[in-house]
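Computed from a predicted structure; not experimentally measured.
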Amino acid sequence: MRVKIKKGAAFGAVDIPSSKSYAHRLMICAGLSQGESRIGGLDRNQDVLATADCLTALGASVRFEDRNAFIRGCGKNIIPGQRLECRESGSTLRFLIPVALLGGGGDFVGAGRLMERGVGVYEKLFSGRGIEISPIKNGISAKGRLKSGEYIIPGDVSSQFISGMLFALPLADGDSKIEVTQPFESRSYVDMTVDALRQSGIDISAHGGRFFEIKGSQEYRPLNTKVEGDWSNAAFFYALNVIGGNVKVNGLRNDSCQGDRICLEYLRRLSLGKATINISDCPDLAPILFTVAAACHGGVFEGTRRLAIKESDRAAVMAQELAKCGAEVKVGEDAAEVIASDLHEPTEPFCGHNDHRVIMSLSVMSTLVGGVIEGAQAVSKSYPGFFDALSRLGVEVEIYD
């Protein structure tokens with residue numbers, strides 16, 4: 001899909017879709033419960049549908065009605081040996097590998113760069129514990145049975161591995177402990193997991209900042225809840241305000257566990273001058289923060305190492321795309337500098353790189369300089385209605401198949 005966006009400020013109000021991060025977590029908790037759960041306010045995107053498909057394969061049932069998901073859980077009765085279609089969802093893959101291993105394992109397949117991003121943490125974590133993770137076509141096979149015990153997980157690769165273990169270990173037969181090594185990055189995502197688990201009646205003891213004690217043989221309680229708004233997606237609309245728009249953003253919780261609510265502070269700092277910002281705890285904000293830095297006063301971004309294992313190599317990709325409209329981005333191993341420049345209409349179409357956050361960031365830039373984005377269909381991964389929302393804010397958007 002090709003999208004043309006004309007220069008123009010955004011004005012109006014937008015209702016932010018539900019948090020994809022919370023949706024995954026609440027759906028998994030519901031899928032592991034005994035009974036039927038109702039999760040309201042849920043917006044369907046490709047990642048959420050991937051989790052629904054995999055939960056169904058593992059033995060749960062998932063039914064959508066409007067913005068509600070009705071999920072009948074399978075408890076501990078997890079079906080082994082299933083083919084689990086993760087699409088491009090890293091959360092689905094990493095959250096559900098330990099869950100599948102409670103029942104003996106399964107085959108996980110994916111698309112895009114998903115399998116390139118790897119599950120090496122699990123390979124090392126399960127070594128010598130009777131679990132084998134091996135490659136198959138377009139995916140991996142995880143075989144064996146997860147047991148309770150003590151696990152040490154690196155905190156600087158992806159918090160999704162920690163969350164995956166937190167979902168599964170309460171259903172193991174014995175008590176378990178998790179130690180997260182320092183530095184513990186993206187801690188707020190683990191806080192979301194713990195919050196979802198506690199809503200489901202699971203007893204998790206967190207202490208010392210990076211130690212978790214999990215009682216075994218627990219039962220997940222069915223949920224009747226609503227998914228809160230997504231701060232990650234809200235950042236794109238708050239960014240429009242920094243570059244001349246006036247958009248009211250609805251549907252967010254100011255007391256949310258979502259770490260990406262820091263976007264307000266970071267955008268404010270970038271609007272005032274060249275700021276130095278560490279994004280190790282909020283890597284999903286990197287593309288839009290780079291964009292705003294290019295449009296304002298520049299910026300220095302630290303803790304960028306993990307951007308290379310996202311849907312695209314986000315630091316390198318943003319440097320490549322922003323250069324088309326005159327911005328300069330210097331990319332290092334764990335830092336990047338965006339240098340303030342005179343921006344102009346892009347010399348060639350932007351490329352979306354099959355990365356939803358890159359596409360939405362380039363859309364924000366296009367409201368300032370105009371532009372065409374190729375491969376824009378990838379927004380469906382997290383926000384299928386993004387371009388409709390832009391149009392309702394008065395931005396001229398033309399979509400070509």
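With hydrogens and angles disregarded, a donor-acceptor distance shorter than 3.5 Å links the side chain of Arg113 to the backbone of Lys310. In this structure, the side chain of Trp231 engages the main chain of Arg253 through a donor-acceptor pair within 3.5 Å. Between the side chain of Arg221 and the main chain of Ile202, no donor-acceptor pair closer than 3.5 Å is present. Side-chain atoms of Ser134 never come within 3.5 Å of backbone atoms of Glu132 as a donor-acceptor pair (strictly under, hydrogens ignored). In this structure, Arg306 contributes its side chain and Ser280 its backbone to a donor-acceptor pair below 3.5 Å. Between the Gln377 side chain and the Met1 main chain, a donor and an acceptor come within less than 3.5 Å of each other. With hydrogens and angles ignored, the 3.5 Å screen pairs no side-chain donor or acceptor of Asp156 with any backbone N or O of Pro183. Arg44 contributes no side-chain N or O that, together with a main-chain N or O of Leu49, makes up a donor-acceptor pair within less than 3.5 Å. The backbone N or O of Phe70 lies less than 3.5 Å from no partner atom in the side chain of Arg63, so there is not a single donor-acceptor pair. The closest donor-acceptor contact from the side chain of Asp334 to the backbone of Thr304 lies under 3.5 Å.
Residues Phe108 and Val119 form no side-chain contact, since every pair of their non-hydrogen atoms from C-beta on lies 4.5 Å or further apart. Residues Glu345 and Lys7 are not in side-chain contact: their nearest non-hydrogen atoms beyond the backbone lie 4.5 Å or more apart. In this structure the side chain of Leu285 reaches within 4.5 angstrom of the side chain of Ile262, judged on heavy atoms. Here the side chains of Leu307 and Ile279 are in contact, with some heavy-atom distance below 4.5 Å. A 4.5 Å side-chain heavy-atom check between Tyr238 and Leu252 finds at least one atom pair inside the cut-off. A heavy-atom distance below 4.5 Å is not found between the side chains of His356 and Asn45. Looking at heavy atoms from C-beta onward, Thr51 lies out of side-chain contact with Ser91 at the 4.5 angstrom threshold. With a 4.5 Å cut-off on side-chain heavy atoms, Val121 and Ile153 count as touching.
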Worked verdict on Arg67 versus Ser18 for side chain to side chain donor-acceptor pair (under 3.5 Å): CA-CA 10 Å; Arg67 296 185 71 209; Ser18 57; 4.6 Å; no
Trace of the side chain to side chain donor-acceptor pair (under 3.5 Å) decision for Ser186 with Ser159: CA-CA 6 Å; Ser186 296; Ser159 65; 4.8 Å; no
Verdict with reasoning, Lys124 to Ile152, per side-chain contact (heavy atoms from CB on, under 4.5 Å): CA-CA 10 Å; Lys124 294 178 182 177; Ile152 299 174; over 6 Å; no
Check against side chain to side chain donor-acceptor pair (under 3.5 Å), Ser256 and Glu228: CA-CA 8 Å; Ser256 173; Glu228 64 181 68; 2.4 Å; yes
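Atom CD1 of residue Ile243 and atom CG of residue Leu270 lie 12.5 Å apart, to the nearest 0.5 angstrom. How far CG of Asp195 is from CD of Gln258: 10.5 Å, rounded to the nearest 0.5 Å. To the nearest 0.5 Å, atom CG of residue Leu42 and atom CG of residue Asp66 are 12.0 Å apart. Rounding to the nearest 0.5 angstrom, the gap separating the OG atom in Ser380 from the CD atom in Gln46 is 4.5 Å. In this structure, CD1 on Ile162 lies 8.5 Å from CZ on Arg187, to the nearest 0.5 angstrom. To the nearest 0.5 angstrom, Ile178 atom CD1 is 4.0 Å from Leu166 atom CG.
For the side-chain contact (heavy atoms from CB on, under 4.5 Å) with Ser382, the qualifying choice from Asp43, Asn233, Val48, Asp230 is Asn233, the only one to do so. For the pairing with His353, the side-chain hydrogen bond (donor to acceptor under 3.5 Å, both in side chains) check across Glu311, Glu321, Glu374 returns one residue only, Glu321.
In this structure Phe126 satisfies the ring-ring contact (aromatic ring centres under 6.0 Å, His included) test together with Tyr122, sequence neighbours excluded. Residues forming a side chain to side chain donor-acceptor pair (under 3.5 Å) with Glu85 (at least two apart in sequence, or on another chain): Arg83. Residues meeting the side chain to side chain contact (heavy atoms under 4.5 Å, CB included) test with Lys215, sequence neighbours left out: Asp175, Asp203, Gln218. Under the rule for a ring-ring contact (aromatic ring centres under 6.0 Å, His included), the partners of Tyr383 that lie at least two apart in sequence or sit in another chain are Phe386. Residues that satisfy the ring-ring contact (aromatic ring centres under 6.0 Å, His included) test with Tyr220, not counting sequence neighbours, are absent from this structure. Under the rule for a ring-ring contact (aromatic ring centres under 6.0 Å, His included), the partners of Phe167 that lie at least two apart in sequence or sit in another chain are Phe95. Taking the salt bridge (Lys or Arg N to Asp or Glu O under 4.0 Å) definition, one finds that Lys76 meets it with nothing, sequence neighbours left out.
Listed by first and then second residue, the salt bridge (charged side-chain N to carboxylate O under 4.0 Å, His left out) pairs that reach into residues 12-34 are Lys20-Asp47, sequence neighbours excluded.
Both tests pass for Arg129 against the ring of Tyr151: distance under 6.0 Å to the centre and angle within 45° of the axis.
A salt bridge links Glu179 with Arg210: the closest approach of a Lys/Arg side-chain nitrogen to an acidic carboxylate oxygen falls below 4.0 angstrom. Taking the charged nitrogens against the carboxylate oxygens, Glu65 and Arg38 have no contact shorter than 4.0 Å, which rules out a salt bridge. Ionic pairing of Lys381 and Asp355 is not present here: no N-O contact between side-chain nitrogen and carboxylate oxygen is shorter than 4.0 angstrom.
Here the closest heavy-atom approach between residue Ile204 and residue Pro170 is recorded as CD1-CG, 4.4 Å. The two residues Val247 and Ala10 have their closest heavy-atom pair at CG2-O, 3.7 Å. In plain terms, the two heavy atoms of Leu114 and Cys86 that are nearest each other are CD2-CB, 3.8 Å. Here the shortest heavy-atom pairing between Arg117 and Ile309 reads NE-O, 2.8 Å.
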Review item, side-chain donor-acceptor pairs of residues 389-401, under 3.5 Å, at least two apart:
unit_1: Ser391; atom_1: OG; unit_2: Phe387; atom_2: O; d: 3.1
unit_1: Glu398; atom_1: OE1; unit_2: Tyr400; atom_2: OH; d: 2.4

Kindly list each side-chain donor-acceptor pair under 3.5 angstrom involving residues 141-149, sequence neighbours excluded, with atom names and distances?
unit_1: Ser141; atom_1: OG; unit_2: Asp107; atom_2: OD1; d: 3.0
unit_1: Arg145; atom_1: NH1; unit_2: Leu102; atom_2: O; d: 2.8
unit_1: Ser148; atom_1: OG; unit_2: Gly174; atom_2: N; d: 3.4

Return all side-chain donor-acceptor pairs below 3.5 angstrom for residues 292-301, not counting sequence neighbours, or 'none' if the list is empty.
unit_1: His297; atom_1: NE2; unit_2: Ser271; atom_2: O; d: 3.1

Can you give the donor-acceptor pairs under 3.5 Å from side chains of residues 360-367 to other protein atoms, not counting sequence neighbours?
unit_1: Ser361; atom_1: OG; unit_2: Ile288; atom_2: N; d: 3.1
unit_1: Ser361; atom_1: OG; unit_2: Arg357; atom_2: O; d: 2.8
unit_1: Ser363; atom_1: OG; unit_2: Ile359; atom_2: O; d: 2.8
unit_1: Ser366; atom_1: OG; unit_2: Leu362; atom_2: O; d: 2.8
unit_1: Thr367; atom_1: OG1; unit_2: Val364; atom_2: O; d: 2.6

